[in-house]
Structure formats: structure tokens, C-alpha cells
Amino acid sequence: MNDGLHFVPTTGTFADVILPVAAPKAYTYYVDEEHLEEVKFGVRVEVQFGKNKLYSGLVSRVHRESPDSHTPKAIISVLDDEPIVNETQLQLWVWMADYYACTIGEVMNAALPANLKLSSETRVCIAPDFDEDLSELTEREFLVTEALMLQKELMIEDIRKILGIFTVYPVIDSLLELGILYLKEEMQEKYRPRIERYVRLAIPYRNQEDQLAEAFSLLSRSNKQIETLMAYIQLERGGHEVTRKALQTAADADSGLLRAIASKGVFELYEREVSRIDVYGRDLNAISPLSGQQVTALTELSERFRERDVVLLHGVTGSGKTRVFIEIIQAAIERGEQVMYLLPEIALTTQIVARLKKLFGDKISVYHSKLNNNERVEVYRSAAAGTPVLLGARSTVFLPFKNLKWIIVDEEHDPSYKQQDPSPRYNGRDAAIYLAHLWQAKVLL
């Protein structure tokens with residue numbers, strides 16, 4: 001077996017890599033010719049640290065400065081096509097490591113969802129609701145999935161032996177993305193698939209009822225195929241996309257039957273990424289009119305924000321502060337800006353979360369500890385894609401924002417904003433204020 005590790009020359013291209021451990025600094029690795037085009041700031045790379053341990057680290061700098069003290073090891077593989085962090089995030093990490101007297105690796109460990117931090121100690125399991133469809137997997141993905149279907153869990157070393165290769169992180173990363181496996185630590189957490197499988201009429205039958213007679217004619221030799229097509233037509237009348245599962249249930253059909261109909265050019269089978277996060281209806285609740293006191297508060301806030309970047313709004317519970325927040329969020333969305341709304345404890349504020357979800361629909365994502373790792377990765381990526389409102393507990397400050405211009409810290413005095421253990425032992429409110437400084441954003445406490 002090729003162990004994938006070799007020592008390299010002291011000239012060429014190098015990358016500083018942050019590891020999710022309590023290491024005092026980023027470590028320098030050699031970039032061989034195979035990975036020159038792929039290695040860039042913000043992508044994850046597979047590297048060896050110490051004698052035997054492997055980690056997915058984060059590239060913080062690419063350069064041509066050879067380390068004087070040692071001959072660097074080579075990067076084993078590259079896990080991302082595009083950066084998963086931005087420059088502003090890294091500036092926040094550096095500040096937190098300095099201000100809270102910890103290492104940048106400890107900040108990285110707190111900042112990234114677990115699915116983005118593979119290590120040689122990682123244990124993986126098969127997803128409990130995996131539908132056992134192996135038809136579209138690569139050979140290596142197939143082998144790992146088949147092994148996991150027979151065993152409860154596998155370690156990284158087990159997967160290396162199964163595949164006969166040293167570099168297995170890209171395969172694991174792909175299977176995590178597909179929702180086929182998940183990390184052992186998620187064992188007790190609810191899991192939802194990332195991919196939904198659908199069926200629709202193929203062209204020219206789609207949206208052309210006069211062509212359906214031809215479709216029925218093509219299926220005339222099989223009563224079961226005719227029944228399945230009729231069941232599809234009934235489901236489609238509901239006005240929603242038809243899932244393969246719903247059609248199989250309605251027609252008492254299996255996936256092989258659907259593929260047979262597709263092979264005759266009547267059905268088209270397709271997949272689409274769907275959100276793991278709770279979906280709220282698109283009908284947004286009407287916003288209640290502002291009271292005189294709320295209008296006054298908004299006017300005064302507007303005046304104060306012309307002079308300073310951080311302003312405190314004081315009001316007792318039930319005084320209508322949330323309605324003021326809603327007005328600020330609405331205006332920010334209309335300007336194409338992002339808002340971070342911090343709450344001390346998501347579990348204690350479900351009514352506020354539900355209210356904002358109903359008002360802003362898919363313009364808001366929620367980030368907190370109750371999400372499983374797949375859901376956290378999804379919200380993490382939605383922040384980078386520009387989702388207008390990111391609402392959550394203190395760890396929301398670590399998301400990769402795209403255009404952050406407003407931060408609301410509700411109940412800013414609450415001790416829950418302080419993380420006591422493990423390191424970094426940070427105050428989410430203070431970190432949010434520094435993050436606003438980096439983005440030149442406004443903070444409402």
C-alpha cells in the first residue's frame with residue numbers, strides 16, 4: 001500500500017496549515033506539483049501531524065519560504081474546490097487566539113462544524129435512513145458504504161485497509177456530503193437526508209396533456225407501468241414535485257419499475273438538494289404596526305448610528321424590542337445586507353425564532369448546538385452564499401458571512417454569551433463587536 005507520505009526538497013511552494021488542535025501556530029507543508037493548482041487560501045487539506053496522526057487542516061497562506069528548522073512533509077490531498085473560510089474569518093480567529101490567550105487551532109476547532117474537521121480518530125457510521133441505493137456511487141464510495149452496511153462503525157484506518165490506499169479523506173468527505181454516513185458523535189442526534197429523489201414526466205409529455213396517450217401506449221404491455229403512470233398523474237395534480245418515495249407508495253411500485261418506465265422515455269428521474277433545516281411556509285405573517293414608542297426608538301437609534309457603530313437599546317421584557325429588531329432586519333434585507341441576530345440560548349427563545357421564521361421565511365437560517373453536523377454544514381454554507389439573516393447562539397460569530405452589515409445582540413448582558421469550557425473561553429458579545437469592526441458593520445446591543 002502506498003502510504004502517500006514522503007519527504008521533499010526545501011525549495012518550491014509551501015503552505016501554512018492551521019490544525020484543529022491546541023497547536024501554538026500554523027505548520028508549514030510542502031505543496032507538490034500534483035496539488036499546485038488546488039492549494040489556496042481557505043481550503044482544507046489532508047496532512048500528517050506527528051508520527052501517525054492525520055488531520056484535515058486549513059490553508060492560511062501559500063508561499064515560497066522554506067522553513068529553516070525542519071524539512072516539511074507534503075500535503076497528502078486537497079478536500080475542497082473552493083475556500084470554506086474567508087479572510088475576515090481568519091482575522092477574527094487571530095484576534096480571538098490573542099485576546100483570549102489560546103491557540104488558533106483551538107479557535108478553528110470551535111469555529112468549524114465537525115464534518116469539516118476529519119482526523120485519524122474519526123469514526124463513521126451508516127445513516128439510519130439510508131435507502132441502500134448504491135447505483136450512483138463511485139467504486140470507492142460503494143466499497144466503503146457496503147462495509148458500513150455490514151458493520152456498525154468504521155475508523156479511518158479500517159477504511160484505508162478496505163480501499164488499499166492511504167488517502168481516504170476525499171471519499172469520506174463525499175459520503176458525508178451525500179448523507180450516506182455520519183460521524184459517530186452524532187449517534188443520538190436526529191439525521192435528515194440532504195438529497196431528495198424525484199420523478200417527473202419526460203419531454204414531450206411534460207405539460208402537454210395531448211401527448212399523454214402516446215405515453216400510455218408505450219407502457220401498454222405492462223398493467224403495472226400503466227397503474228404507476230396513472231398514480232403519478234394523480235400526485236402531480238397536487239401542484240408539488242413528486243418524490244420517488246411518494247410514487248412508489250401510491251403505486252405499490254419499486255425503484256426498478258420506475259427505472260423501467262424512465263428507460264422508455266416516459267419518466268425522468270432526477271435528484272435535488274433539499275434543506276435539512278425546518279421549512280416554514282412561504283406565506284409571511286403580516287407585521288403589526290409600530291407603536292409610538294417603537295417609532296421613537298427607531299428614530300433615536302438612527303440618529304445614534306450616524307455617530308457611532310455600537311448602540312445600546314434598553315427596554316424591559318415585553319416592551320416591544322423585537323418589533324424594533326424586525327424593522328431593522330427588514331430594511332437591511334431590502335438593501336441586500338446580511339444581519340446576524342444573536343440570542344443567549346436558542347432553546348429558551350423558540351417563540352422568537354418561530355416568529356422570525358414566519359416573517360422572513362427562507363431568508364433566515366438558524367445556527368445552534370441542537371443542529372446535527374450535516375445541518376450545521378448546511379447553515380455554514382448558506383451564510384457564505386449570502387443568506388440575509390443568520391440567527392443563533394454565540395457560535396454564530398464563526399459563520400463565513402458574505403456581506404455582514406448589522407449585528408443584533410439580544411439580552412446582551414446574559415452570561416450565556418460567555419463560553420466557560422473548552423477553550424477558547426470567549427464572550428460572544430465581545431467577539432461580535434470585533435467582527436462588526438472587521439466588516440464595518442453596526443451593532444445593536
Side-chain angles (χ1 to χ4, degrees), residues 278 280-368 383 386-397 399 401 403-418 427-445:
D278 293 337
Y280 285 71
R282 290 185 177 274
D283 297 329
L284 306 185
N285 286 6
I287 301 176
S288 59
L290 290 164
S291 68
Q293 197 174 35
Q294 289 165 340
V295 170
T296 301
L298 280 166
T299 301
E300 290 190 17
L301 284 172
S302 180
E303 292 172 357
R304 299 293 175 88
F305 277 123
R306 290 194 190 100
E307 303 169 358
R308 61 197 71 191
D309 295 327
V310 183
V311 177
L312 173 69
L313 173 64
H314 183 270
V316 298
T317 302
S319 60
K321 296 190 300 296
T322 305
R323 181 63 185 84
V324 174
F325 303 160
I326 288 170
E327 201 70 15
I328 291 171
I329 293 169
Q330 186 76 52
I333 290 174
E334 290 171 1
R335 292 190 298 268
E337 300 169 348
Q338 274 183 309
V339 180
M340 178 170 69
Y341 185 165
L342 292 187
L343 295 161
E345 290 286 350
I346 290 293
L348 302 177
T349 52
T350 51
Q351 286 184 328
I352 293 177
V353 173
R355 181 181 178 187
L356 292 172
K357 274 280 194 178
K358 287 176 181 176
L359 285 169
F360 298 112
D362 58 7
K363 290 184 173 65
I364 186 168
S365 288
V366 182
Y367 193 72
H368 55 84
T387 293
V389 185
L390 284 305
L391 182 152
R394 60 178 180 257
S395 59
T396 309
V397 300
L399 292 176
F401 295 96
N403 185 32
L404 182 63
K405 292 302 173 187
W406 283 89
I407 295 176
I408 298 168
V409 187
D410 202 1
E411 303 291 332
E412 60 89 23
H413 60 283
D414 195 292
S416 295
Y417 283 119
K418 296 179 182 179
N427 187 321
R429 176 199 61 195
D430 297 348
I433 291 172
Y434 188 79
L435 182 64
H437 161 71
L438 295 174
W439 276 101
Q440 295 184 315
K442 301 293 185 182
V443 181
L444 176 60
L445 303 177

* What distance do Gln294 atom CD and Ile326 atom CD1 have between them, rounded to the nearest 0.5 Å? -> 9.0 Å

* Structure fact -> By side-chain hydrogen bond (donor to acceptor under 3.5 Å, both in side chains), Ser416 pairs with (sequence neighbours left out) Glu345, Asp414

* Does anything in residues 302-315 pair up under salt bridge (Lys or Arg N to Asp or Glu O under 4.0 Å), and if so which pairs, sequence neighbours excluded? -> Asp309-Lys442

* Test item: Lys405 side-chain N/O and Glu337 main-chain N/O as donor-acceptor pair under 3.5 Å -> no

* Say whether, by atom type as modelled, one donor and one acceptor occur between the side chain of Thr299 and the main chain of Val295 under 3.5 angstrom. => yes

* Structure fact -> Checking Leu342, Ile329, Leu391 against Ile408 for side chain to side chain contact (heavy atoms under 4.5 Å, CB included), the one that qualifies is Ile329

* Asked: Atom NE2 in His413, atom CG in Leu445: separation rounded to 0.5 Å?
  -> 11.5 Å

* Asked: Atom CD1 in Ile328, atom CZ in Phe305: separation rounded to 0.5 Å?
  -> 6.0 Å

* To the nearest 0.5 Å, what is the distance between CE (Met340) and CG (Leu390)? -> 8.5 Å

* Name all residues meeting the side-chain hydrogen bond (donor to acceptor under 3.5 Å, both in side chains) criterion together with Gln338; count only those two or more places apart in sequence or in a different chain, and write none if there are none. => none

* About how many Å separate CG of Leu435 and CG of Leu404, when rounded to the nearest 0.5 Å? -> 5.5 Å

* Pairwise distance CD(Glu412) to CG(Asp430) - rounded to 0.5 angstrom -> 9.0 Å

* To do: Mind listing the closest non-hydrogen atom pair of Ala432 and Ile407 along with its distance?
  => O-CD1, 3.3 Å

* Asked: Taking side chain as C-beta onward, heavy atoms only, is Arg323 less than 4.5 Å from Arg355?
  -> yes

* Judged by atom type as modelled, is there a donor-acceptor pair below 3.5 Å linking the side chain of Thr296 to the main-chain atoms of Gly292? -> yes

* Apply side-chain contact (heavy atoms from CB on, under 4.5 Å) to Val409 and Tyr417, showing your working. => CA-CA 10 Å; Val409 187; Tyr417 283 119; 3.7 Å; yes

* **Phe325 and Leu444, any side-chain heavy atoms less than 4.5 Å apart** => yes

* Structure fact -> Here the pair of heavy atoms bringing Pro344 nearest to Ala393 is O-CB, 4.4 Å

* Smallest separation among heavy atoms of Val339 and Ala332, with atom names -> CG2-CB, 3.5 Å

